[in-house]
*Asks:* 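Mind looking over this structure? Questions follow.
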2 protein chains.
Amino acid sequence: MKAQSLHGHLDALLLAVLEQGPLHGYAVIEALRTGSAGQLDLPTGTVYPALRRLERAGHVASTWSTVNGRERRTYQLTDDGRRALAGERSGWREFRTTVGRFLDTGPASTAPA
Amino acid sequence: MKAQSLHGHLDALLLAVLEQGPLHGYAVIEALRTGSAGQLDLPTGTVYPALRRLERAGHVASTWSTVNGRERRTYQLTDDGRRALAGERSGWREFRTTVGRFLDTGPASTAPA
DNA sequence: CTTCATGCGTAGAAAGCCTACTTGTCAGCC
DNA sequence: GGCTGACAAGTAGGCTTTCTACGCATGAAG
């Protein structure tokens, strides 16, 4: 699926993935891919800058570690990030409900209510 | 709510509103506002260009009419637009499912399943 | 030694929405 | 008559976010 539809929700996804434990950038991409059954295959050019943005915003913190000669920057959620994630989640529910009011209630849909 | 989150879903919303019957631009904005309980209050600078885009794409057609001396451009869904809307709807479901996999399954959420 | 998977990163382009503004009619009020 | 506010359409420029396409480096496999 087009990741362009993510616009504005990517940060929430990244925070949600990191909520389950610290990961480095490459692993975040894999977590999103496997966790979505292959639907989300984000390019590094999308994820890395986004993680930096989250770090600048104070939602995540990063630490360097060298594993097998490979440099890894491991990201982990901060307390502030946890609060941000909660906000993103409620924002997501609101968004889903609002848009769903128009798109879920179709003429030939499995009416949800 | 921030309409920026719409990014990519606005077209689907407009098509969905017009599915219920032809409307002019201003009425589309009101339909979105009332239909969303005030959540979606889109500025004209967002809606009008979007409707033009949909017209260029062949998803809607417009006709001018003058009511009480006021010029109205009424938009209505084309057959192509109906097909596009169906695609947008399935795209929306996929998007919702995929993102929901990460954001709905929170630690303190009303688990949907 | 070449290729591939892992791993990080940047630069420039493209897309989409928002803010702010303009134009015009009509109704109501002073 | 002049002013304000709701209705109705539209444009221009800016901002944010994501994507495409690259570059650099290590280690394992052939």
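Chain naming here is simple, since letters A, B, ... match the order of the sequence lines and numbering starts at 1 in each.
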*Asks:* Using a cut-off of 4.0 Å on non-hydrogen atoms, how would the nucleic acid contact of R73(A) be classed: base, sugar-phosphate, or nothing?
*Replies:* sugar-phosphate
*Asks:* Working to the nearest 0.5 angstrom, can you tell me the gap between L23(A) CG and I29(A) CD1?
*Replies:* 11.0 Å
*Asks:* Please work out whether the ring planes of F95(A) and W92(B) are parallel, tilted or perpendicular, with thresholds of 30° and 60°.
*Replies:* perpendicular
*Asks:* To the nearest Å, give me how far apart CD (E71(B)) and P (dT25(C)) are.
*Replies:* 10 Å
*Asks:* Give a yes or no on whether the backbone of R70(A) and the side-chain of T66(A) come within a donor-acceptor separation of less than 3.5 Å.
*Replies:* no
*Asks:* Say you draw a straight line from CG of L77(A) to CZ of R83(A); how long is it, rounded to the nearest 0.5 Å?
*Replies:* 10.5 Å
*Asks:* Taking CG from L51(B) and P from dG16(C), how many angstroms apart are they, rounded to a whole number?
*Replies:* 15 Å
*Asks:* What is the separation between atom CG on N68(B) and atom C1' on dG24(C), rounded to the nearest whole Å?
*Replies:* 14 Å
*Asks:* Whole Å only: how far is the NE2 atom of H24(A) from the P atom of dT6(C)?
*Replies:* 10 Å
*Asks:* Side-chain N or O of R70(A) versus OP1/OP2 of dT6(C): is the shortest distance under 4.0 Å?
*Replies:* no
*Asks:* Sort out for me which residue in E55(B), R52(B), Q76(B) forms a side-chain hydrogen bond (donor to acceptor under 3.5 Å, both in side chains) with S62(B).
*Replies:* E55(B)
*Asks:* So, D104(B) and R96(A), do they make that salt bridge, N to O below 4.0 Å?
*Replies:* yes
*Asks:* State, with a plain yes or no, whether a side-chain heavy atom of L6(B) is found less than 4.5 Å away from one of T46(B).
*Replies:* no
*Asks:* Heavy atoms from C-beta onward define the side chain here; which of dG7(C), dC18(C), dT25(C) lies closest to that of L42(B)?
*Replies:* dC18(C)
*Asks:* Nearest whole angstrom, please: distance from the C1' of dG9(C) to the CH2 of W64(A).
*Replies:* 9 Å
*Asks:* Expressed in angstrom and rounded to an integer, what is the separation of D41(B) atom CG from dC17(C) atom P?
*Replies:* 16 Å
*Asks:* What is the distance, rounded to the nearest whole Å, between atom CD1 of I29(A) and atom P of dT6(C)?
*Replies:* 11 Å
*Asks:* If you restrict it to nitrogen or oxygen atoms, what contacts under 3.5 Å exist between nucleotides 11-17 of chain D and the protein, and what is each distance?
*Replies:*
unit_1  : atom_1 : unit_2 : atom_2 : d
dT17(D) : O2     : H7(A)  : NE2    : 3.4

*Asks:* What's the closest nucleotide to the P43(B) side chain, out of dC19(D), dT26(D), dC18(C)?
*Replies:* dC18(C)
*Asks:* What is the distance from OH of Y26(A) to P of dT26(D), rounded to the nearest Å?
*Replies:* 17 Å
